[in-house]
There are 2 protein chains.
Amino acid sequence: MQKLTAQRQAILDMINRSDKHWDADDVAYALKEEGISIGIATVYRGLAALADQGLIESIQLADKKRYERADKAHHDHLICTRCGSIEEFCEPEIESLQDKVAAERGFKIEGHQLLLFGLCKTCKAEES
Amino acid sequence: MQKLTAQRQAILDMINRSDKHWDADDVAYALKEEGISIGIATVYRGLAALADQGLIESIQLADKKRYERADKAHHDHLICTRCGSIEEFCEPEIESLQDKVAAERGFKIEGHQLLLFGLCKTCKAEES
DNA sequence: ATGCCGAATGATAATCACTATCACTATCAT
DNA sequence: ATGATAGTGATAGTGATTATCATTCGGCAT
């Protein structure tokens, strides 16, 4: 019932073209740069639909949602509170511990989000 | 420079009185019930200040921030996407794996947030 | 006591990400 | 072609949170 329209295809192509973590404005702006003008509401709906279909991944930060390519292995994020950079990491052992915890409580996991906040290597070095 | 004023003390007492996960409106409403009327802006500022001082803990959900008592061992959260209930769990092994990952990348962890989304035991049983 | 100063308060306006509305359009099945 | 269904885009609305600003509070030095 969800359609992959021309607009959504354009959004998907844009996101697949880089490893960035996009918010809705980023996408709308980048598309406009290429002469493709899509209403902001459509961008929001498109991002939600694409994430729903598993074609892109979403992460919920404190202020806004960001989206990234889905054609990578699952991973979680390290977020620098100083420069805002986002690094990715993959730790299968954490995933299986999550499953264990959920199983113990009869909880059925549908998704998860692990964010580590702190200082990235560069910012740590620059701290006085 | 941050002061523990009468208003903030009232907020803190309220939160320490139960194991709930409070949002700003919850706190304002509960205080009003007791005849203590505090401006909503003051509640927001008070919650932020108390969390800043480590007197309460905060968790950032998709829609809003929630606060809870800090006088418990560190834990993470299981959030039911059907009924909204929040369970807590503690898994030290996950914490140490996080430290390992960060150390490998020269990242200095200042905090983290692990949310597991899905169906709680009750809601899982009620699903057709 | 008095005056000063930085911080807090509270009413309210503003912000910001996001969602709803609604008229219109595109797509697809019959 | 016809109708059903979903999508689009401009714009208004929503809801949590923050900024503004005049006023007040709590210490501390005089």
Side-chain angles (χ1 to χ4, degrees), chain A residues 1-15 20-68 79 81 84 86 113 115, chain B residues 1-15 20-53 55-68 79 81 84 86 113 115 117:
Chain A
M1 70 194 139
Q2 298 251 68
K3 296 180 183 175
L4 188 54
T5 62
Q7 287 90 335
R8 292 180 183 176
Q9 187 68 61
I11 294 170
L12 179 57
D13 288 347
M14 181 61 71
I15 289 174
K20 292 204 291 192
H21 298 81
W22 305 76
D23 65 24
D25 279 333
D26 290 339
V27 174
Y29 182 77
L31 288 169
K32 194 157 289 175
E33 288 280 281
E34 307 201 335
I36 303 169
S37 182
I38 298 181
I40 188 65
T42 302
V43 173
Y44 275 103
R45 279 182 300 229
L47 288 169
L50 291 168
D52 210 52
Q53 295 169 97
L55 298 174
I56 56 177
E57 290 289 326
S58 75
I59 61 172
Q60 171 73 48
L61 301 188
D63 52 343
K64 59 175 71 161
K65 235 174 208 153
R66 288 184 176 277
Y67 297 87
E68 62 180 324
I79 297 168
T81 52
I86 302 178
Q113 177 166 292
L115 302 177
Chain B
M1 68 195 141
Q2 298 254 66
K3 296 180 183 174
L4 189 53
T5 62
Q7 286 91 335
R8 291 180 185 176
Q9 187 68 62
I11 294 170
L12 180 57
D13 289 347
M14 181 62 71
I15 289 175
K20 291 203 292 191
H21 297 80
W22 306 76
D23 65 24
D25 279 333
D26 291 338
V27 174
Y29 183 77
L31 288 170
K32 195 157 288 175
E33 289 279 282
E34 308 201 336
I36 304 170
S37 182
I38 298 182
I40 188 65
T42 302
V43 173
Y44 275 103
R45 279 181 300 228
L47 288 169
L50 290 167
D52 210 53
Q53 295 168 96
L55 298 175
I56 57 177
E57 290 289 326
S58 74
I59 62 171
Q60 171 72 50
L61 301 188
D63 52 344
K64 60 175 69 160
K65 232 174 211 152
R66 289 185 176 276
Y67 297 86
E68 62 181 324
I79 297 168
T81 53
I86 301 178
Q113 177 166 290
L115 302 177
F117 300 103

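Within the 4.0 Å cut-off from OP1 or OP2 of D:dC25, not a single side-chain nitrogen or oxygen of B:Gln7 is found. At least one side-chain nitrogen or oxygen of B:Tyr44 sits closer than 4.0 Å to the OP1 or OP2 atom of D:dT17. Between B:Lys3 and the phosphate of C:dA8, there is no side-chain N or O to OP1/OP2 separation shorter than 4.0 Å. Side-chain N/O atoms of A:Thr42 include one lying less than 4.0 angstrom from OP1 or OP2 on D:dG9. One finds no side-chain N or O of A:Thr5 lying less than 4.0 angstrom from the OP1 or OP2 phosphate oxygen of C:dA26.
Counting non-hydrogen atoms under 4.0 angstrom, B:Asp63 reaches the backbone sugars and phosphates but no base.
Between B:Asp25 atom CG and D:dT14 atom P there is a gap of 16 Å when expressed in whole angstrom units. Look at CD1 on A:Ile40: it is 13 Å from C1' on D:dT11, rounded to the nearest Å. Computed from coordinates, the B:Lys64 NZ to C:dC16 P distance equals 21 Å when rounded to whole Å. To the nearest angstrom, P of C:dC28 lies 16 Å from CD of A:Gln2. Atom CH2 of A:Trp22 is separated from atom P of C:dA17 by 17 Å (rounded to the nearest Å). A:Leu31 places its CG atom 15 Å from the C1' atom of D:dT8, with the value rounded to the nearest Å. A:Lys32 has its NZ atom 11 Å from the P atom of D:dG9, to the nearest Å. Going from atom CG of B:Asp26 over to atom P of D:dT17 covers 11 Å, rounded to whole Å.
The line from CG of A:Leu61 to CD1 of A:Ile86 is 5.5 Å long, rounded to the nearest 0.5 Å. Here B:Asp26 contributes atom CG and B:Leu47 contributes atom CG; the two are 10.0 Å apart, rounded to the nearest 0.5 Å. Here the NZ atom belonging to B:Lys20 is positioned 9.5 Å from the CZ atom belonging to B:Arg66, to the nearest 0.5 angstrom.
Each of B:Arg8 and A:Gln60 lies near DNA chain C, and the nucleotide nearest B:Arg8 is the one positioned closer to the 5' end. Ranked by how close their nearest DNA chain D nucleotide is to the 5' end, A:Ile38 and B:Arg45 are led by A:Ile38.
Of the candidate nucleotides D:dA16, D:dT17, D:dT11, D:dT11 has the atom nearest to the side chain of A:Ala41.
The two atoms that bring B:Trp22 and B:Met14 nearest to each other are CZ2-O, 3.5 Å, heavy atoms only.
Side chain of A:Gln2 to backbone of A:Gln53: no donor-acceptor contact under 3.5 angstrom is found.
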